[in-house]
Each structure stands twice: as C-alpha cells, then as structure tokens.
*Asks:* 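My structure is below; once you've seen it, I'll send some questions.
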Protein chains: 2
Amino acid sequence: MSQTGDGRARRVDARANRRRILDVAEEVFGKGGESASTEEVARLAGVGIATVFRHFPTKAALLQAVLVRRFDRLREQAEALLGTTDPGSAFFEFFRHLVADAATKIAIAEALLDAGGDSDGEATQASNGLRRAVGALLQHAQQAGAVRDDVELPEVYALLVATSRAAAHTNLDDEVKARALAIVFDGLAPHRNARVQAHQQPELSQPHGQPPT
Amino acid sequence: MSQTGDGRARRVDARANRRRILDVAEEVFGKGGESASTEEVARLAGVGIATVFRHFPTKAALLQAVLVRRFDRLREQAEALLGTTDPGSAFFEFFRHLVADAATKIAIAEALLDAGGDSDGEATQASNGLRRAVGALLQHAQQAGAVRDDVELPEVYALLVATSRAAAHTNLDDEVKARALAIVFDGLAPHRNARVQAHQQPELSQPHGQPPT
DNA sequence: TACGATCCGAAGTGTCGACTCCGATTATGC
DNA sequence: GCATAATCGGAGTCGACACTTCGGATCGTA
C-alpha cells in the first residue's frame with residue numbers, strides 16, 4: 001500500500017497525505033455518514049481535492065479503504081481479547097466496545113450490515129474477518145457457560161449490528177443505551193437460576209443499575 | 001387536508017393526485033430510503049414533477065406527510081391491540097408487527113429514531129403518539145406479568161427502533177431475524193422459572209424454533 | 001545545487017436532483 | 001354548453017458534488 005503500482009516507493013509527502021486523508025475520512029464519514037462530501041475531507045485534511053482523488057480513484061474507494069482499516073482493527077481487538085480475559089467477559093466486553101465505538105462512526109455501523117452485499121470486495125472480506133472473530137468469541141463464551149448455547153452466530157451478529165446502528169444515531173441517552181444493551185445481554189445469558197460463574201453479567205435487577213464496564 | 005388554504009374545496013383530480021402521490025411516495029421512500037428522487041415518485045404516480053411540488057412544497061414536506069400518515073396508522077393499530085387480546089400477546093405481537101413492517105419501509109425505520117430531533121414538528125408529534133401507545137402496551141404487559149417490570153419505555157423503544165432498522169436492510173434471512181427477535185423478547189421476559197402465564201412467549205429452548213406468531 | 005520524476009492544488013467540467021415557469025388542459029358553477 | 005379559475009406537465013434554472021486538467025511546487029539524487 002505504500003508502493004505505487006509499478007513497485008516504486010512513494011514519496012514521503014504522498015505517504016503522509018494518504019495517511020492524513022484516511023484519518024480525516026474516518027472522522028468525517030463517521031460523523032456524517034457516507035453522504036459527507038469529498039471536498040470536506042480534503043479541506044479538513046489540508047489538501048486539495050485532486051490529492052484525495054489521486055490516492056483514491058473514487059469516493060467509494062476511499063470509503064472502502066476506511067472501512068477495511070476499521071474492520072481490521074476491530075478484528076485485531078477481538079482476537080486480542082480472546083486470549084486475555086475469561087471468555088464470558090471477553091464476549092460481552094467486545095460487544096459493548098463495538099456498540100460504543102459505532103456511536104461515533106455512523107458509516108461503520110451502516111457498512112457492517114451492508115457489507116453482506118458482495119458489491120465491494122475488499123471491505124466485504126475485512127467484514128467477514130471481523131465476523132469470524134466474533135464467532136470465535138461467541139463459541140468460547142458458550143463453552144464457558146457465559147452465553148446460552150442455543151444461539152448461533154447469525155442472530156448474535158445481527159443483534160450486534162442492530163444495536164450498533166441504533167447507537168450511531170445519537171439521540172439516545174447513554175444510560176438508556178446501557179439499559180437496552182443489558183436487556184439484549186440478558187437474552188443472551190443462560191437461564192438466570194442456572195448461572196454460577198463469577199464473571200460479570202449485566203445486572204438488571206436494580207432498575208437503574210449501570211452494566212459493568 | 002382536502003381543503004386549500006383559503007377554505008375552498010379542492011378539485012377532485014387534485015385530491016386523487018394527492019392521494020396517489022402519497023401512496024407512491026410511501027412505497028418509493030420505503031424501498032429506497034429518503035435518497036430516492038422526487039422525479040421517481042412523480043413518474044410512478046403518473047403525474048408531472050410540478051404536481052408533486054404543488055401538493056408538497058418541498059421534498060421534506062412530502063416525506064413528513066408520508067411519515068405522519070404511517071405513524072398515525074401504527075398508533076391506531078397499537079391502540080386497537082390494547083383492548084382485544086391479553087396484554088402480553090398484544091405487546092409482543094405489536095413489536096413483531098412493527099419489525100416486520102419496517103422491513104419494507106426503510107424510511108420509516110430511519111425516521112422512528114431521528115424524529116427525536118425536533119426539526120420536523122408534525123412528524124415528531126405523530127412519532128410521539130406512537131411512542132405513547134407503545135408505552136401503554138408495555139405498561140399493560142408488565143401489569144400482566146408478561147414483561148419484567150424493571151424495564152422502562154425508553155430502552156424498550158430503543159430496542160424496537162434498533163431491530164426495525166436492522167430488519168429494514170434486507171440482507172437478513174427471515175429465520176435469523178426471528179431468532180434475533182426471540183433473544184430480545186427473552187431479555188424482556190420475566191425470569192424464566194417464574195413464568196406461569198399461558199400467553200405465548202418466544203421459545204428458544206428448541207434451537208431453531210420459530211417464535212409464535 | 002541542479003535536475004528530473006513525482007506530487008500538489010485551484011479552477012475547471014459534467015451530471016443529477018430539487019425546485020420553478022408558463023402555456024395547455026380540465027373540473028365546476030351557471 | 002361555456003366561462004373561468006384551478007390544476008396539470010414538460011422544459012427549464014440553479015446549486016451541489018464527484019471527478020479532471022494542467023501549470024507550478026517539492027522531493028530525491030548526484
């Protein structure tokens with residue numbers, strides 16, 4: 001990616017600009033969705049429009065590049081969580097993280113689902129990587145007894161996407177978001193009277209209780 | 001609405017056109033979201049563009065009119081359900097209905113949440129009416145013991161919106177949608193071992209069981 | 001420092017969609 | 001039926017935005 005088509009290394013200013021454009025685009029598309037204009041990206045990145053189009057031949061390509069980077073990062077985070085804490089915490093932690101993250105990244109949340117359509121190859125591939133990582137988290141959480149084992153990845157992923165999308169449109173209070181998420185988590189948990197594990201579970205018995213972070 | 005500003009009755013062709021435009025707009029915006037063009041609405045309604053703009057001075061006004069009609073209808077349905085069946089069924093039934101309905105009405109699902117922003121007065125008002133009706137359904141369901149009573153309207157409504165939005169973007173299998181919904185319903189249900197009522201509850205114990213309709 | 005390859009940005013071009021104008025058409029009261 | 005006022009629709013205008021062009025600045029190398 002830091003090489004031009006015929007194998008020559010890019011100039012340093014070109015690399016710096018490319019990186020800055022990507023960063024700004026993530027911010028801009030995250031806030032305004034994909035309807036945000038390319039001109040705004042260029043302006044905030046402090047470059048001309050032509051520079052943006054030189055690095056990314058089309059607006060769709062730019063958006064795709066942003067998505068790929070984002071998906072890859074999320075996947076890495078999911079994979080990292082897989083080894084470090086107990087499986088139950090890892091799963092719910094990542095779920096919560098993704099929802100909170102999507103709150104400032106409308107475009108990501110929108111794309112999570114739409115990437116199912118095979119129209120944009122690279123982004124779809126990255127999205128699938130993330131999906132697989134979530135699948136691994138789910139499987140481990142189920143084996144540990146933290147998630148009921150009669151649910152499967154498709155519906156869990158659908159819920160993940162749905163809550164992320166909703167969180168992205170910010171009219172909601174944080175408290176309400178947390179409580180809605182707690183309801184979903186409760187639906188994912190094994191029967192309550194069968195729970196014995198020590199790992200933290202969202203607690204709804206105290207009406208206004210903030211779920212553990 | 002069938003009167004012009006100064007109190008004169010509209011001509012019959014004008015009334016018919018207005019109605020047709022509204023119907024088509026609901027269909028078009030439902031399928032393509034609010035980014036669908038006004039020209040397409042006009043074309044499918046069999047009228048000129050000017051006619052559309054004569055009835056609705058701006059595209060936003062047209063969209064709002066569609067939303068108001070839709071929200072009002074949904075509210076009526078919710079209110080009707082309140083008296084006819086047992087409260088638990090009524091609540092879950094309406095939840096399921098709204099989600100299924102939103103599946104073909106992207107714009108509605110999008111607007112459900114966005115209407116929280118007070119930018120478009122009339123649509124917001126209609127949206128609030130629907131929200132109140134859902135609140136009544138929820139309250140009755142809780143009194144009947146069909147829904148845990150430590151949840152409140154804001155988070156329930158948020159879940160309703162979230163699932164509707166997700167369902168609107170059609171990449172999902174119906175079966176998966178049903179199972180995701182069942183997880184949410186399970187999170188809303190009272191503790192499973194405390195359930196005694198006869199009204200139907202979504203059943204997840206059989207992994208692939210279709211929730212009751 | 002000098003020079004060529006590479007990269008940059010301001011000012012375009014083309015398209016698309018929201019919205020308007022105006023002559024033609026049609027409903028409605030007499 | 002006829003006058004007339006309301007309504008209609010096609011052919012515009014206007015602005016926004018994705019994308020291009022080209023003269024000039026900058027980097028990398030000797």
Side-chain angles (χ1 to χ4, degrees), chain A residues 1-29 31-67 106-107 119-120 123, chain B residues 1-25 27-29 31-67 106-107 119-120:
Chain A
M1 247 338 167
S2 64
Q3 302 243 317
T4 169
D6 51 0
R8 291 184 69 82
R10 278 202 164 89
R11 264 168 46 172
V12 289
D13 52 349
R15 264 204 301 273
N17 274 340
R18 185 195 164 86
R19 180 187 206 80
R20 199 142 24 108
I21 289 169
L22 264 182
D23 287 344
V24 169
E26 179 164 340
E27 166 81 17
V28 169
F29 289 142
K31 206 170 49 151
E34 54 187 313
S35 71
S37 78
T38 314
E39 283 180 61
E40 192 182 356
V41 174
R43 193 169 46 79
L44 291 183
V47 301
I49 309 174
T51 302
V52 176
F53 281 98
R54 200 168 301 110
H55 284 284
F56 306 95
T58 169
K59 182 184 179 176
L62 171 57
L63 191 55
Q64 174 168 307
V66 169
L67 292 178
I106 294 186
S119 51
D120 25 41
Chain B
M1 252 332 172
S2 66
Q3 300 244 321
T4 169
D6 53 358
R8 290 183 68 83
R10 278 203 164 85
R11 266 168 47 171
V12 289
D13 51 350
R15 265 205 301 273
N17 274 341
R18 184 195 165 85
R19 180 188 205 81
R20 200 142 22 109
I21 290 169
L22 265 183
D23 287 344
V24 170
E27 167 81 16
V28 169
F29 289 141
K31 207 171 47 149
E34 54 187 313
S35 71
S37 77
T38 314
E39 283 180 62
E40 192 183 354
V41 174
R43 192 171 45 81
L44 292 183
V47 303
I49 309 175
T51 303
V52 176
F53 281 99
R54 199 168 303 111
H55 283 284
F56 306 95
T58 168
K59 182 184 180 179
L62 171 57
L63 190 57
Q64 172 167 308
V66 170
L67 292 178
I106 294 187
S119 51
D120 24 42

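A, B, ... follow the sequence lines: proteins, then strands. Residue 1 opens every chain.
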*Asks:* Taking CZ from B:Arg43 and P from C:dG17, how many angstroms apart are they, rounded to a whole number?
*Replies:*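 So the two atoms are 11 Å apart, to the nearest Å.
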*Asks:* For the atom pair CG (B:Leu67) and CD (B:Gln64), what is the distance rounded to the nearest 0.5 Å?
*Replies:*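 Taking CG in B:Leu67 and CD in B:Gln64, the distance rounds to 7.5 Å.
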*Asks:* Under 4.0 Å between a side-chain N/O of A:Thr51 and OP1 or OP2 of C:dG9, yes or no?
*Replies:*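 For A:Thr51, the contact criterion (side-chain N or O under 4.0 Å from OP1 or OP2 of C:dG9) is met.
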*Asks:* Indicate whether OP1 or OP2 belonging to C:dC7 is found under 4.0 Å from a side-chain N or O atom of A:His55.
*Replies:*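 No, A:His55 has no side-chain N/O under 4.0 Å of OP1/OP2 on C:dC7.
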*Asks:* Tell me what B:Ala61 touches on the nucleic acid: a base, only sugar-phosphate, or nothing, going by heavy atoms under 4.0 Å.
*Replies:*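 The answer is nothing, as B:Ala61 stays clear of every strand by at least 4.0 Å.
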*Asks:* Shortest non-hydrogen contact from B:Gly32 to B:Ser35?
*Replies:*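 Nearest heavy atoms, B:Gly32 then B:Ser35: O-OG, 3.4 Å.
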*Asks:* In whole angstrom, what separates A:Gln64's CD from D:dA18's P?
*Replies:*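 Answer to the nearest Å: 17 Å.
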*Asks:* Sequence neighbours left out, what passes side-chain contact (heavy atoms from CB on, under 4.5 Å) with A:Glu26? Give chain and number order.
*Replies:*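 By the side-chain contact (heavy atoms from CB on, under 4.5 Å) rule, A:Glu26 matches A:Val66, A:Arg69, A:Arg70, A:Arg73, A:Lys105.
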*Asks:* If you define the side chain from C-beta out and look only at heavy atoms, does anything of A:Ile21 sit under 4.5 Å from A:Arg18?
*Replies:*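 A side-chain contact is absent here, since even the closest heavy-atom pair is not under 4.5 Å.
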*Asks:* State, with a plain yes or no, whether a side-chain heavy atom of A:Arg20 is found less than 4.5 Å away from one of A:Asn17.
*Replies:*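 With C-beta onward as the side chain, the pair touches.
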*Asks:* With nearest nucleotides of DNA chain D determined for A:Ser35 and B:Gly46 from heavy-atom distances, which residue corresponds to the more 5′ nucleotide?
*Replies:*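 Final value for this comparison: B:Gly46.
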*Asks:* Whole-Å distance between D:dT7 P and B:Ile21 CD1?
*Replies:*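 Value for this atom pair: 12 Å.
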*Asks:* Tell me, do B:Val12 and B:Arg15 make a side-chain contact under 4.5 Å, heavy atoms counted?
*Replies:*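 Yes, at least one pair of side-chain atoms sits under 4.5 Å.
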*Asks:* Taking all non-hydrogen atoms of both residues into account, name the closest pair between B:Phe29 and B:Glu34 and its distance.
*Replies:*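 In terms of heavy atoms, the two residues are closest at CD2-CA, 4.1 Å.
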*Asks:* Is there a donor-acceptor contact under 3.5 Å from the side chain of B:Lys31 to the main chain of B:Ala36?
*Replies:*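 Absent.
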*Asks:* Polar atoms only, N or O, under 3.5 Å: list the protein pairs with nucleotides 25-27 of chain D and their distances.
*Replies:*
from: D:dT26; atom 1: O2; to: A:Arg11; atom 2: NH1; distance (Å): 3.0
from: D:dT26; atom 1: O2; to: A:Arg11; atom 2: NH2; distance (Å): 3.2
from: D:dC27; atom 1: O4'; to: A:Arg11; atom 2: NE; distance (Å): 3.4
from: D:dC27; atom 1: O4'; to: A:Arg11; atom 2: NH2; distance (Å): 3.3

*Asks:* Taking OP1 and OP2 of D:dC8, is either one under 4.0 Å from a side-chain nitrogen or oxygen of B:Asn17?
*Replies:*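 Yes.
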*Asks:* Check the interface with nucleotides 19-23 of chain D: list each N/O to N/O pair with the protein under 3.5 Å, or write none.
*Replies:*
from: D:dC19; atom 1: OP1; to: A:Thr58; atom 2: OG1; distance (Å): 3.2
from: D:dC19; atom 1: OP2; to: A:Thr58; atom 2: OG1; distance (Å): 3.1
from: D:dC19; atom 1: OP2; to: A:Lys59; atom 2: N; distance (Å): 2.7

*Asks:* Separation of A:Arg15 atom CZ from D:dG28 atom C1', in whole Å?
*Replies:*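 Roughly 12 Å, once rounded to whole Å.
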*Asks:* Of all the nucleotides listed (C:dG9, C:dC8, D:dC8), which has the minimum atom distance to the side chain of A:Ala14?
*Replies:*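 The listed nucleotide nearest to A:Ala14's side chain is C:dC8.
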*Asks:* Dump every N/O contact between nucleotides 13-16 of chain C and the protein below 3.5 Å, one line per pair.
*Replies:*
none

*Asks:* Would you be so kind as to tabulate the donor-acceptor pairs closer than 3.5 Å made by side chains of residues 37-56 of chain B, with sequence neighbours excluded?
*Replies:*
from: B:Ser37; atom 1: OG; to: B:Glu40; atom 2: N; distance (Å): 3.2

